[in-house]
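Quick note on labels: first sequence line is chain A, next is B, and so on, each numbered from 1.
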There are 2 protein chains.
Amino acid sequence: MLSKKTKYGIKALTFLARQKDNSPVQIAEIAKSETISIKFLESILLLLRHSGFLGAKKGKGGGYYLIKDPKDINMAHVYRILEGPIALLPCASHNFYEPCLDCSNEATCAVRKLMIEVRDNTLKILESNTLADIAF
Amino acid sequence: MLSKKTKYGIKALTFLARQKDNSPVQIAEIAKSETISIKFLESILLLLRHSGFLGAKKGKGGGYYLIKDPKDINMAHVYRILEGPIALLPCASHNFYEPCLDCSNEATCAVRKLMIEVRDNTLKILESNTLADIAF
DNA sequence: CAATAATCTACTATTCCGATAGGGTAATGG
DNA sequence: CCATTACCCTATCGGAATAGTAGATTATTG
């Protein structure tokens, strides 16, 4: 299941992408529109800023805004930042690989075999979608 | 992330599928071979029995055994029993659908749109795999 | 300077997962 | 028929992760 963090993060990105000009939008405005706790959203937007998706401006007329064109924001990238691994098992992950302690032989593990197939396909879907694709 | 319950459940099914004859295998034997806590595995096997995948025989020489041919055990079915919904969001699920409370309009929700695409693809993969496909 | 809005630190409540304990019940073999 | 074996059920529990909260601080604008 997708965490609310990821869900809210993508919603916020979508909200910003749908703005006409790219002027800063306040946290409170996004939170109200998407029914998200302000403080929780705050931490998510901060993460997205540190990850290079958003810019922020303090003071009057400040807020968050997209740094990149929605067409250049890859959803697989967003997913990994917010949610973590795309694979459903650490032993089936590229970017977050970890061996299973209970697994004596990765090569013959049926679960891993299946989860790698699922992972490859999910990755393909996420990579083929940009923020622009899902927002418009 | 896949729960250990699902992981162990699939491992146990695989273990049983790989038995030469289909004679009962004791819980302890599966647990030892796959490094699973006996009591935890016990509850998983019980669930799989109640779901019509396994049969059980009590008393001396008893244990669990597959009721159906591995070729007829669909991994999407197994997944839903053990893990629950295949979709990453309740609002993107067929069998476990629930509307999102924070979502004012499902039709324009970008997250839902993306997650439905992921779901459709994952389902396709799981449905196209049987226990026989991954065990052998 | 004063108002505004992001930033940072720290804390709390809740939920779920994985595991464990202990006893009860049913079916075998001898 | 009885002891053994192994399935079956209930209850509980620690720890991690998630989701949300509170308050103080810093930077910007007018």
Any N/O donor-acceptor pair, B:E42 side-chain to D:dC8 base, under 3.5 Å: yes
Side-chain ion pair, A:D102 and B:K11, N-O less than 4.0 Å: yes
Rounded distance (Å) that lies between atom P of C:dG18 and atom CG of A:L101: 14 Å
Short side-chain N/O contact from B:S3 to OP1 or OP2 of C:dC16, under 4.0 Å: no
Touch class at under 4.0 angstrom, heavy-atom based, for B:I27 against every strand present: sugar-phosphate
Residue pair A:L66 / A:I73, side-chain heavy-atom distance below 4.5 Å: yes
Euclidean distance, atom CE of residue A:M1 to atom C1' of D:dA17 [Å, nearest integer]: 17 Å
Atom pair distance, as rounded to whole Å: CD in B:E29 and C1' in D:dA6: 13 Å
Distance below 4.0 Å between A:Y65 side-chain N/O and C:dA5 OP1 or OP2: no
Distance, rounded to the nearest Å, where A:K32 contributes NZ and C:dA5 contributes P: 14 Å
Neighbour count above 12 (heavy atom, 6.0 Å) for A:K124 NZ: no
d(CZ, B:F40; P, C:dC17) in whole Å: 9 Å
Polar pair under 3.5 Å, donor/acceptor by atom type, side chain A:K39, base D:dG23: yes
Among C:dC8, D:dC9, D:dT28, the one nearest B:L46 by side-chain distance: D:dC9
Rounded distance in Å - NZ (A:K58) to C1' (D:dA27): 5 Å
Whether over 12 other heavy atoms sit under 6.0 Å from A:K5 NZ: no
Sugar-phosphate only, base, or nothing, as touched by B:Q26 at under 4.0 Å among non-hydrogen atoms: sugar-phosphate
Shortest side-chain distance from B:A56, nucleotide among D:dC7, C:dC8, C:dA21: D:dC7
B:E29 and B:K32 ion-paired at < 4.0 Å: no
Residue B:K4, side-chain atoms from C-beta onward, closest of D:dC7, C:dG18, D:dA19: C:dG18
Distance below 4.0 Å between A:S37 side-chain N/O and D:dT21 OP1 or OP2: yes
Closest-nucleotide 5' rank along DNA chain D - winner of A:K5 and A:K60: A:K5
Between C:dA5 (C1') and A:I30 (CD1): distance, integer Å: 13 Å
Contact under 4.0 Å: B:Y8 side-chain N or O vs C:dA19 OP1/OP2: yes
Atom pair distance, as rounded to whole Å: CD1 in B:I44 and C1' in C:dG18: 9 Å
